[in-house]
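These numbers were taken from a predicted model, which means no experiment stands behind them. Sequence lines set the chain letters: A, B, ... in the order given, protein chains first and strands last, and positions in each chain run from 1.
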Number of protein chains: 2
Amino acid sequence: MELDRLDREIIGALVEDARATYAEIGQQVGLSASAVKRRVDRLRDTGTITGFTARVAPQALGWTTEAYVELFCQGKTKPSDIALAVSRYPEVVSAATITGEADALLHIRATDVRHVERVIEHIAAMPFVVRTKSSIVLSRLVDTPPGAATPD
Amino acid sequence: MELDRLDREIIGALVEDARATYAEIGQQVGLSASAVKRRVDRLRDTGTITGFTARVAPQALGWTTEAYVELFCQGKTKPSDIALAVSRYPEVVSAATITGEADALLHIRATDVRHVERVIEHIAAMPFVVRTKSSIVLSRLVDTPPGAATPD
DNA sequence: TATGAAAGAACCTGGCC
DNA sequence: GGCCAGGTTCTTTCATA
């Protein structure tokens, strides 16, 4: 769907603070509260905004360790097989198939290094996985919520 | 800070829907609306909840392509140098120093493959970068908002 | 220290222009 | 898109365990 400048500004405001009132957003972008509400409703209906969520400090919940794991799979493995298999683990917060030597890259959050190890063991034991290559995160430098910026 | 079962349930409800009313959350966890509000206020004051944000479909904003880029840096490069340098690019949505051969891993969102290429060129041109190794994302399999799950 | 109830203020929502 | 009215929610205070 087509987004104009106001839509993008409204999205930016909601990414910044999803609990901002329609009146506050309206003042920011130059619209009345009800006009903002109508646009937000439309953005939700069309699937541009998929929901509202709380930003939580992962450490506060006990997720103090993270890792990236490259997956090397058997030749005929389908992406959906990987998706199905890894989505059973809440520790796998992100997964994607990629170009290059590895077939997929997983992002894992765990309570400690031993926990990471345990999850990788489980994943490496899956039938279509040939081998894995993992990197523990030493320090997180950047973590931007998606939608914070708009292209061009 | 210490979180009890109710705190975790409230956080879960807010990660699910940051615009749920206090009364709705209260009914879900077995508290009155005002008790829920007090706990949410406390969770925000202590930094457990860092904010509320809209979940946006990146494609809808024009971010249709993503890539992971491994950074190989000169021996004496400090993490803060990398952080400072890459945070200037809105395309870099995540960055972390990691164990293994590479020094850092970047997650990039862009409008197309040419855009990815342009950003990598800029990053590769930074003085402390020796070389880069990038993987384009073919398909995203999993993308869980942080805080959706709770350890153990 | 944490809770539930209650009341006024602020906000949302839908109809109308 | 703006304005307005009725219903809902938020926010604070107070009393209680």
Looking at A:Thr50 and B:Arg55, would you say the former's side chain and the latter's main chain have a donor-acceptor pair under 3.5 Å?
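Pair found, side chain donor or acceptor close to backbone of B:Arg55.
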
Can a donor-acceptor pair be found, under 3.5 Å and without considering hydrogens, that links the side chain of B:Thr97 to the backbone of A:Ser139?
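Judged by distance alone, yes, a pair lies under 3.5 Å.
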
Could you pull out all donor-acceptor pairs under 3.5 Å where a side-chain atom in residues 14-30 of chain B meets a protein atom, sequence neighbours excluded?
unit_1  : atom_1 : unit_2  : atom_2 : d
B:Asp17 : OD1    : B:Arg19 : N      : 2.9
B:Arg19 : NE     : A:Ala18 : O      : 2.8
B:Arg19 : NH1    : A:Tyr22 : OH     : 3.2
B:Arg19 : NH2    : A:Ala18 : O      : 3.1
B:Arg19 : NH2    : A:Ala20 : O      : 2.9
B:Thr21 : OG1    : B:Glu24 : N      : 3.1
B:Tyr22 : OH     : A:Arg19 : NH1    : 3.1
B:Glu24 : OE1    : B:Thr21 : N      : 3.1

Can you get from A:Val86 to A:Leu84 by hopping between Ile, Leu, Val, Met, Phe, Trp and Tyr side chains that sit under 4.5 Å apart?
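In one cluster with A:Val86: A:Leu84, no.
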
Between the protein and nucleotides 15-17 of chain D, which nitrogen or oxygen pairs are less than 3.5 angstrom apart?
none

So, are A:Arg39 and A:Asp4 salt-bridged, with charged N and O less than 4.0 Å apart?
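Answer for the salt bridge query: yes.
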
Do A:Arg42 and A:Thr48 meet the criterion of a side-chain donor-acceptor pair at a distance under 3.5 Å?
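Side-chain D/A pair, A:Arg42 to A:Thr48: absent.
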
Please set out all donor-acceptor pairs under 3.5 angstrom arising from side-chain atoms of residues 126-137 of chain B, sequence neighbours excluded.
unit_1   : atom_1 : unit_2  : atom_2 : d
B:Ser135 : OG     : A:Thr99 : O      : 3.3

Along DNA chain C, first and last positions that approach a heavy atom of chain B under 4.0 Å:
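In short, chain B contacts DNA chain C from C:dT3 to C:dA5.
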
Distances for protein N/O vs nucleotides 6-13 of chain D N/O pairs under 3.5 angstrom?
unit_1 : atom_1 : unit_2  : atom_2 : d
D:dC10 : OP2    : B:Tyr22 : N      : 3.2

Name each donor-acceptor pair under 3.5 Å that joins a side chain in residues 100-109 of chain B to protein atoms two or more places apart or in another chain, with its distance.
unit_1   : atom_1 : unit_2  : atom_2 : d
B:Asp103 : OD2    : B:Cys73 : N      : 2.6
B:His107 : NE2    : B:Glu66 : OE1    : 2.7

Let me confirm one number: the CD1-OG1 distance from B:Ile11 to B:Thr150, rounded to the nearest 0.5 Å.
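Output value for this atom pair is 8.0 Å.
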
Measuring from A:Ile49:CD1 to A:Ile10:CD1, what's the distance to the nearest 0.5 Å?
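CD1 of A:Ile10 is found 8.0 Å from CD1 of A:Ile49.
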
